Protein chains: 2
Amino acid sequence: MVSMEYNEKQLAIMDTAERLFGENGFSGTSVRDIAQEAGVNVAMISYYFGSKEKLMEMLFEQKSNKLTLMVENLIQDENVNYLQKVYVLIDDYVDRFVSQQAFHKIMIREQVTESGTGLANQILALKKRNLASIKKLIVGGQKTGEFKKNIDIVMMMATLVGTMSQMITSQCYYREVSNIENMDDEEFDKLIRKKLSTHLKHLFKVVLTNEA
Amino acid sequence: MVSMEYNEKQLAIMDTAERLFGENGFSGTSVRDIAQEAGVNVAMISYYFGSKEKLMEMLFEQKSNKLTLMVENLIQDENVNYLQKVYVLIDDYVDRFVSQQAFHKIMIREQVTESGTGLANQILALKKRNLASIKKLIVGGQKTGEFKKNIDIVMMMATLVGTMSQMITSQCYYREVSNIENMDDEEFDKLIRKKLSTHLKHLFKVVLTNEA
DNA sequence: TAAAATTAAACAAACGTTTGATTAAAATAA
DNA sequence: TTATTTTAATCAAACGTTTGTTTAATTTTA
């Protein structure tokens, strides 16, 4: 598919759709909601995107195209060891998750729905791409002897993505058990970014290497 | 609230609702779908539960009441050390997640939706209960010197729940990357149960204790 | 017979989508 | 240049369905 270029109105629709789908889910968001908040006529959604479902798919494609991990350049850098490369990757991942929360909420929710929609295949493709990226890094570290053998990469990915998803989706829970209900959103984002980074790096270090 | 006792027809509605909500979400499931698959008249749902939303809440309450962790008896058992207690808890958790997938898919999905519905508060309460259970165990292990200090229990919970959620929601992805697309469901359940158990125990061991 | 359970039918509201008219800019013909 | 045709964008209104819920009549149970 050719890399579409969208006009202003189309982008307004997609931005609003991303936010509302993230907040209320696909079925929970009506095209009239989207049109109203984006300041366009309802008909424009069908006019530009064909249908609500296709809007979702195009939105997903546009977003996921921007999410290709930058692991290719990273893997060739000779100046840092493989653990540090993994650290950079984790920070990259965490950054993306926290700064693109609406998009990832869509992913989390639609992932649960098994059905063979077009979106399900798009999500599958994205996850396979990310798995391949991490795999390269870890196998590289194993070849230099820096990492242990017998590492279950798929399970580590589940932990990486799962932990981040859990933090994104249970923010008010986290605020409550940490007694930080009144912290402003910006500071809170910084906090869970830091928490996730530290925690995941620690996990990966002890699992990948032999040191505690 | 008094522990309701439901008649056969009510239970049929709740069972069907649990399955369909798990598969297609709350907004994605109509009361007519539920009524048809449960073999009852549509009006019976309003008659017995008041509304679709209240059906969801009652369903959630019934399920979550059965999900209280059995940590109380566990913590007093003098014959096993604290790491083994944590292992038992993990297996208990994994068992529940895998055998009650529909219910947990509902939780995962509704957790994403922030709004202050009655359900959101129910989920919050359940998570706080579970956190308290784990906390007891870990603090107990720290007092005996078996576990390290400075353990971020909330983050470990996020990893525990997040990893399981991730595996539950991306089963077809996991089948594909592991080349086990044709494995029957029962065997597959056993496999991810084992994978989760091993992986999570390993993670908790290296984080809680000093051994690798 | 009185109460509870069950039904088909009806309800208004919301849903995604299509329509036909209107506008204004761009392209073509004179 | 003018005049004419074509094109794309925009809109209010209407389309047919589906939504959750209620009603009123009927059957079953106690």
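Lettering follows sequence order; numbering is per chain, from 1. Quantities reported herein were computed from a predicted structural model and do not represent experimental measurements.
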Out of [options], which has the shortest distance to the side chain of [X]?
X	options	result
Tyr47(B)	dT21(D), dA5(C), dT17(C)	dA5(C)
Tyr48(A)	dT21(D), dT10(D), dC15(C)	dT10(D)
Met44(B)	dT23(D), dA5(C), dT17(C)	dA5(C)
Asn41(A)	dC11(D), dT22(D), dT17(C)	dC11(D)

Map Gly28(A) and Gly50(A) onto DNA chain C by nearest heavy atom, then report which one ends up closer to the 5' terminus.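 The residue closer to the strand's 5' end, by nearest nucleotide, is Gly28(A).
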Side chain to side chain donor-acceptor pair (under 3.5 Å) partners for Glu176(A), two or more places apart: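 So Glu176(A) forms a side chain to side chain donor-acceptor pair (under 3.5 Å) with Lys128(B).
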When the distance from [atom1] of [X] to [atom2] of [N] is rounded to whole Å, what number comes out?
X	N	atom1	atom2	answer
Ile45(B)	dT22(D)	CD1	P	13 Å
Met56(A)	dG16(C)	CE	P	12 Å
Gln36(A)	dC15(C)	CD	P	11 Å

Salt bridge flag under 4.0 Å for residues Asp92(B) and Arg96(B): yes
Which part of the nucleic acid does Thr29(A) contact within heavy-atom distance under 4.0 Å: base, sugar-phosphate only, or nothing?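 Result for Thr29(A) = sugar-phosphate.
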Assign the ring pair His104(B) / Phe97(B) to parallel, tilted or perpendicular, where the plane angle (0 to 90°) is split at 30° and 60°. parallel
